[in-house]
Amino acid sequence: GQQVQQSPASLVLQEGENAELQCNFSTSLNSMQWFYQRPGGSLVSLFYNPSGTKHSGRLTSTTVIKERRSSLHISSSQTTDSGTYLCALSNNAGAKLTFGGGTRLTVRP
Amino acid sequence: NAGVIQTPRHKVTGKGQEATLWCEPISGHSAVFWYRQTIVQGLEFLTYFRNQAPIDDSGMPKERFSAQMPNQSHSTLKIQSTQPQDSAVYLCASSPDSAETLYFGSGTRLTVL
């Protein structure tokens with residue numbers, strides 16, 4: 001079965017609203033990363049967060065290993081936040097990342 | 001720092017032809033990864049190198065795909081006898097030491113007619 005599942009698959013917000021993106025995984029975890037991708041663009045690393053909570057501007061990532069989940073919170077969304085958010089995990093140090101299917105976010109003005 | 005550089009950005013081949021994709025990792029990064037992205041399958045791991053040595057190629061289709069890293073400044077992904085189902089965006093990424101933080105290139109969009 002799929003090791004990494006993201007929800008929702010897509011999300012539409014009005015500018016200024018908050019978003020909570022979820023990533024659930026079924027395997028043991030060594031590292032968890034969140035990436036952002038614009039349509040046709042490359043992936044940009046947002047967080048490397050194997051456990052606990054990290055903040056970066058309007059973004060917050062929380063990983064709870066024993067619950068096998070990680071979340072990405074976007075506060076006060078802006079139209080420029082539109083794109084696809086992907087979580088990825090590895091279960092061995094230095095090993096390959098397995099990606100979730102992504103959440104496609106659209107923020108309307 | 002120009003980031004991870006991939007060339008070409010776009011490549012169109014006819015069915016049965018060979019395609020070679022190039023990646024220049026960030027200077028000083030010891031790990032290089034290749035991924036493939038399609039709408040249907042999403043992001044799929046292909047292979048990775050550490051200090052130029054192949055470590056894990058479990059994602060590589062065995063018969064027509066090969067990857068090399070002849071020196072620390074570039075890696076190539078070669079697809080022989082390309083098929084339409086090989087059409088995808090091929091992404092290269094590098095990291096300083098492990099998979100802690102990956103830096104991706106802009107990708108090569110391969111279209112096999």
Side-chain angles (χ1 to χ4, degrees), chain A residues 1-10 21 23-25 27-52 54 56 59 61 63 70 72 83-105, chain B residues 1-7 9-10 21 23-26 29-51 53-60 67 88-111:
Chain A
Q2 193 171 7
Q3 294 182 333
V4 186
Q5 291 189 316
Q6 291 189 243
S7 61
S10 63
L21 281 56
C23 178
N24 293 281
F25 45 93
T27 64
S28 60
L29 177 73
N30 181 69
S31 74
M32 165 63 69
Q33 297 187 50
W34 283 92
F35 294 88
Y36 168 74
Q37 186 177 34
R38 284 192 182 281
S42 62
L43 278 76
V44 175
S45 179
L46 297 175
F47 289 103
Y48 169 75
N49 186 19
S51 67
K54 291 192 175 182
S56 177
L59 304 180
S61 170
T63 299
S70 182
L72 179 68
T84 299
Y85 292 81
L86 296 135
C87 66
L89 66 84
S90 72
N91 52 18
N92 278 306
K96 63 187 180 186
L97 289 177
T98 300
F99 283 82
T103 293
R104 180 172 295 183
L105 176 66
Chain B
N1 187 344
V4 176
I5 299 172
Q6 289 189 249
T7 55
R9 286 299 307 276
H10 303 275
L21 313 180
C23 172
E24 180 181 328
I26 294 173
H29 283 194
S30 63
V32 174
F33 298 78
W34 284 96
Y35 286 84
R36 175 169 65 180
Q37 187 174 31
T38 61
I39 293 175
V40 174
Q41 298 293 334
L43 267 156
E44 300 175 287
F45 167 82
L46 294 175
T47 187
Y48 92 98
F49 298 84
R50 179 177 310 286
N51 296 320
I55 303 298
D56 182 349
D57 67 353
S58 60
M60 292 277 274
V89 176
Y90 289 82
L91 292 162
C92 177
S94 70
S95 70
D97 183 20
S98 68
E100 292 188 357
T101 302
L102 255 60
Y103 298 84
F104 279 84
S106 299
T108 294
R109 181 176 294 277
L110 175 67
T111 302

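The figures here come from the full heavy-atom set of this structure, side chains too, leaving out hydrogens, waters and symmetry mates. Letters go in sequence order (proteins before strands), and every chain restarts at 1.
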When the 4.5 angstrom heavy-atom criterion is applied to B:Gln37 and chain A, the contacting part is side chain

Honestly, the part of B:Ser58 sitting under 4.5 Å from a heavy atom of chain A is side chain

Nearest heavy-atom approach of B:Gly105 to A:Ser42 is O-CB, 3.1 Å

When the 4.5 angstrom heavy-atom criterion is applied to A:Phe47 and chain B, the contacting part is neither

Do B:Leu43 and A:Leu43 have side chains that approach each other closer than 4.5 Å (heavy atoms only, starting at C-beta)? yes

Rounded to the nearest 0.5 Å, the CZ atom of A:Phe99 sits from the OH atom of B:Tyr35 at a distance of 5.0 Å

Note: B:Asp56 and A:Lys96 closest approach over all heavy atoms is OD2-CD, 3.8 Å

A:Phe35 and B:Leu102 have their tightest heavy-atom pair at CE2-O, 3.8 Å

